Amino acid sequence: MPSLDASGTGLPVIVAVTGVAVESGDMTAANASVLVAAGATDSAATSDDKRRS
């Protein structure tokens, strides 16, 4: 599977989309926080993998 170097942009997009969804009532704050935490974890793991290469 090809890898895109988008780890630097993924988390801000997740934060923006979940923020809009929470404000509009389409998503609970609890669900949004789980998605943001997962995005942050993924970004951290991806950054660590790049340092090892």
Side-chain angles (χ1 to χ4, degrees):
M1 171 184 244
S3 175
L4 296 176
D5 189 17
S7 63
T9 58
L11 186 56
V13 170
I14 293 169
V15 171
V17 170
T18 55
V20 169
V22 169
E23 286 204 16
S24 68
D26 292 325
M27 181 181 290
T28 65
N31 286 343
S33 66
V34 170
L35 290 173
V36 171
T41 302
D42 183 58
S43 292
T46 302
S47 296
D48 189 44
D49 287 345
K50 287 180 183 176
R51 278 186 250 144
R52 290 183 188 164
S53 297

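Here the structure is a predicted model, which is why all the values come from computation and not from measurement.
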Q. Can you name the nearest heavy-atom pair linking Gly39 to Leu11, along with the distance?
A. C-CD1, 3.9 Å
Q. Which heavy-atom pair separates Thr18 from Ala32 by the least distance, and what is that distance?
A. CB-CB, 3.7 Å
(Q) With a 4.5 Å cut-off on side-chain heavy atoms, are Met27 and Val20 touching? (A) no
(Q) Do Val22 and Thr28 have side chains that approach each other closer than 4.5 Å (heavy atoms only, starting at C-beta)? (A) no
